[in-house]
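Here is the structure we will look at, set down as structure tokens.
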Amino acid sequence: MSYDHRTIESTQQQRWQDEGIYRAVVDWNKPKHYALTMLPYPSGDLHIGHWYAMTPSDARARYMRMKGFNVLFPMGFDAFGLPAENAAVQRNVHPAKWTWANIDRMRGQLRSMGAMFDWEREAVSCEPSYYKWTEWFFAQMFEHGIAYRGEAMVNWSPTLQTVLANEQVIDGKDERTGQPVLQKLMEQWFFGITKYADELLDLSSIDWPESIRSMQANWIGRSEGARVDFEIAGAGSDGGTITVFTTRPDTLWGATFMVLAPEHPLVDQLTTDEQRDAVDAYRAEAARRTELERLENENDKTGVSTGGFAVNPVNRARIPVWIADYVLVSYGTGAIMAVPAHDERDFAFARRFGLDVVPVIAPADADTVAGAAMTESYVGPGTMINSGPLDGITVNEAKGRANPAIAAAIDWLVEHQAGEESVNYRLRDWLISRQRYWGSPIPIIHRADGGLEAVPTEQLPVVLPEDVEFEGRSPLVTHPDFASVADMHGGIGRRETDTMDTFMCSSWYWFRYLSPQFETAAFDPEEAAYWLPVDVYTGGAEHAVMHLLYARFFVKAMRDMGHFDDTIEAMAAHGRSAEGLFDEPFMMLRNQGQILGEERRGDRVVVDGNADGNRILAASVRVDPDAPDDAGMVVGELMRRTENLLQVRVGDRTVTVEVPDDAVVEVPSIPGANDVNQLKHHLDVERMSKSRGNVVNPDLLVDQYGADTVRTYLMFAFEWQKGGPWDSRGIVGSRRFIEDVWRLGTHEYQPGSIDEPASIHLRRQTHRTMQKVGHELEAFKWNTAVAALMSLRNDLLDARKQSNVSSEAWAESVDAMLCLLAPIAPHVTDDLWRQRGNQQSVHLHPWPTFDPALIVDETVTMVVQVNGKVRDRVDVPADITEADAEATARSLERIQEWLEGKTVKTVVVRPPKLVNIVVT
RNA sequence: GCCCGGAUGGCGGAAUCGGCAGACGCGGCGGACUCAAAAUCCGUUGCCCGCAAGGGCGUGUGGGUUCAAGUCCCACUCCGGGCACCA
């Protein structure tokens, strides 16, 4: 019977479902393992990236279960979001209908993966039974003062007709469509995530990748420094102050002017009558420009004087106050003290507008240049000068109080009540409201008197009306009934028509999986007490500063609002300590890389040289994508390179070009001298996208090769955390492997003449594979786990050919191979497992344990080096003594030849692996 | 500019502690089977010299430590990612 993946996979999937083997039920007698993989957005089709993310997660969940853990591995859909509304506008289909149709389709595709998802725990964020609790969390946040309504400069996307969070804007463009985003002053809903900035910076209790830690730290952007108050000159003692944040209070004596953001609230007060027109014009221009346009002329400083002055608190100097768009209203206090002598931007501004430059730091090894003569700012270390009480103090490269000059400056400010030590963050509060329909409604009622109140819990959820029309604007605003509502006291109220950022839905979904039907709370404390927290979370690194930061914030806020109290109580009842379990959502995080489109086969090369028979002998080869067809003797795509032979496609024929060593090779993208080795027949690998036509469809692959082969290939062909270009040719190797497993599993082994060492060898390889595969799966190293199993396959093929191992050794090895491969290729292994007479699924079988005595070799190949170079090898007993190892090494004929006429200086002996004889 | 990660055959990649570089797979080459092709099987495959035995070179570049370096240290180049007029 030959291997038929279609029958095997559908049969096994049906059997798993019938037997209900993936149902995860609380069992306090077993250790638990909560494995979570990021839930998909129901975009319509599962793509190869979903498979790449999910099948290894599934394999590891299966492995943990075989290791004896009670494993929860749930799945759901992050179902609110803009694409559904776009579909509504473009195709005139209701977002709910579109979303649910996609979910149905994707559920089927997810089943074809053969993953062990527990579908009874499925959660879908657009279901009222789900978003009731999303709303409830919002109401809780509102009542605890974490959610608030505030006016701020926010990101407005004209394309999407909604505001966006800072995290969703990259380089002034929205991260989904790449369209420009405007800055607008608007009243919106925010979550006070900045209160948690310091706690979010501490990732010491969780096992997360370094890159994610650094991205989160960068995003939070903590800076240490001081806040300094500058009196507004001529306004009297209580006429107001301009507060600035600076990381360099030590340079205060060099502050010769101030700059406010154009939107700063004090600008009106400071502006003199003479400057009024210029200031108004500048502010209007700044408001018109997008973030993008501001960034374009970064080096070209603009600004205008307000005509007003402030007093530098350290020396009572009257300094002019300017406005300029290089100061951002959203960072720090929206105002800076400018120290042109020691800040590049301030220097450029001062030179442009003829403002004073006063150096206050003398470099240690160079003469101090007078301010007027400086050609650039000095940002290095040195000694304080022109700074009154700070003169003579050392300035080093350290930040904050670790720098003696900064410490002295802060002390001076505190003593003179002119400022204080301060920490500033780049992180802004999370803008949560969206002017869109397809999201969870914000459960707030605006009272007639302007007050705000949360919709009471018993009235939740605020359900999205279904009878809506889509005409660009959110239909909630224009809906006849939705917005009109009574407030708590029966007064006239207006319902909030904004919905929540969909990241809100995904900030708590792993709690809903615990008890998706639970009606009295967001999750059942009894389930939570057993399963929480998530032990392993897998998914893409693109969520580093969005989902993963929000999720951490959410759990900390839930903890502070007391929403884990019932769970902690339930834990105590079962004798489980809650210590440290509710500060972070995900104890371990691992990211997969991204699968890119298949390599583009050719580069355009220009070859000149001589015809030599039916090939060209090249004198020069140049890579030039834009070369015209007549640029050289042979011009075309480089299709293949083998050693120094190139296959170049010219029109519809292929020309062979030989590149001798003395040919000139030019690859403009690689500087310096190039040779033939640097010619690549692929310089262009891109993300998969429909428009590029390089999308790999997993459904077609599954149909052609089977899910087991696709899973195995995805785990084998890449370094998982890295990803890389798809290679459609490579999958046959995985298919051959699965077919070999099938043949070995169905082979009726009859030993010929049994060779005892061969049996022992097979057993040793088997037990080593047990050790190796377990070790690799533990560490998320799928490729080497598969490689180890392929090696065992090779050993078994060899044993079958020789027929020289005992039946027991054969059976042990085949059974082990099926168990070890089961997490990776669940269908074929379970089919074979049952064919081999087992009653229960291989997935319920315990993970094989290796015998440590069996994996040690009796003999080892010892390497003998002379002066660090391998000169001979010899098989020696594994327990050889140091003396015997040296004697054996010296006795080797080839070693003696190398020692002849030389004096042995030292001999390094590392039995049983190596002897290195050092001679002179 | 600052921060994080990386660079190993034609390709994807492997190499617990510093101890045989290139596991495993793809691709290539040669052969068997076949009328032929596909599939399959056998052999081979880092580069260079050599008929061979064998030798030399080799993990981005340049130094260093060591009996021994892909692995440790210093300096640099390039690639990927994050942050950035961030005060």
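Just the heavy atoms: all of them, side chains too, but no hydrogens, waters or symmetry mates, feed the values below. As the structure is a prediction and not an experimental result, all values here were calculated from the model. Naming convention: chains lettered A, B, ... in sequence-line order (proteins, then strands); numbering from 1 in each chain.
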> Can A/L789 and A/F716 be said to form a side chain to side chain contact (heavy atoms under 4.5 Å, CB included), step by step?
Replying inline: CA-CA 11 Å; A/L789 284 160; A/F716 176 67; over 6 Å; no

For [X], which contact category applies under a 4.0 Å heavy-atom criterion: base, sugar-phosphate, or nothing?
X	answer
A/R743	nothing
A/T906	nothing
A/G593	nothing
A/K781	sugar-phosphate
A/E344	nothing
A/N794	sugar-phosphate
A/W782	nothing
A/R735	nothing

Using OP1 and OP2 only, check whether a side-chain N or O of [X] sits under 4.0 Å from [N].
X	N	result
A/K772	B/U16	no
A/R222	B/C2	no
A/W726	B/C26	no
A/R428	B/C86	no
A/N783	B/G12	no
A/S734	B/G25	no
A/R910	B/C17	no
A/R736	B/C26	yes
A/R345	B/C86	yes
A/N218	B/C86	no
A/K869	B/G56	no
A/R426	B/A84	yes

Pairwise [atom1] distance for [N] and [M], with rounding to whole Å:
N	M	atom1	value
B/A7	B/A15	P	12 Å
B/C17	B/U66	C1'	15 Å
B/G70	B/C85	P	43 Å
B/C86	B/G5	C1'	24 Å
B/G12	B/G82	P	22 Å
B/U59	B/G9	C1'	10 Å
B/A38	B/U45	C1'	24 Å
B/U16	B/U71	C1'	12 Å

Rounded to the nearest angstrom, tell me the gap between atom [atom1] in [X] and atom [atom2] in [N].
X	N	atom1	atom2	result
A/M715	B/A14	CE	C1'	19 Å
A/I212	B/G82	CD1	C1'	10 Å
A/F716	B/G13	CZ	P	11 Å
A/Q865	B/C20	CD	P	8 Å

> Can B/G55 be described as syn, meaning its chi torsion is within 90° of 0, or is it anti?
Replying inline: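 Here the answer is anti: the torsion falls beyond 90° from 0.
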
> Would B/C17 be called syn or anti, given that syn covers angles within 90° of 0?
Replying inline: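 Syn, angle within 90° of zero.
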
> Do the two ring centres, one from A/Y713 and one from A/Y705, sit under 6.0 Å apart?
Replying inline: no

>> Please compare A/V918 and A/E739 by the position of their nearest nucleotide in RNA chain B and report the one closer to 5'.
In response: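 The 5'-side residue here is A/E739.
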
>> Judged by each residue's nearest nucleotide on RNA chain B, which is more toward the 5′ side, A/S330 or A/T784?
In response: A/T784

Polar pair under 3.5 Å, donor/acceptor by atom type, side chain [X], base [N]:
X	N	result
A/R729	B/C26	no
A/N916	B/C67	yes
A/K913	B/C20	no

> Does a side-chain N-to-carboxylate-O contact under 4.0 Å join A/R248 and A/D343?
Replying inline: no

> Hey, is A/R222 close enough to A/E224 for a salt bridge, meaning N to O under 4.0 Å?
Replying inline: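 Looking at A/R222 and A/E224, the cut-off is met.
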
>> Testing the 3.5 Å rule here: is there a donor-acceptor pair between the side chains of A/N424 and A/S223?
In response: no

> Which atom pair, heavy atoms only, marks the closest approach of A/S422 to A/F245?
Replying inline: O-CE1, 3.7 Å

>> Show the nearest heavy-atom pair for residues A/V244 and A/M337, with the distance to one decimal.
In response: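 Heavy atoms only, the tightest pair is CG1-N, 3.7 Å.
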
> Going through the checks in order, is the ring pair (Phe, Tyr, Trp, His ring centres under 6.0 Å) test met by A/F718 and A/W782?
Replying inline: CA-CA 9 Å; A/F718 306 87; A/W782 328 108; over 10 Å; no

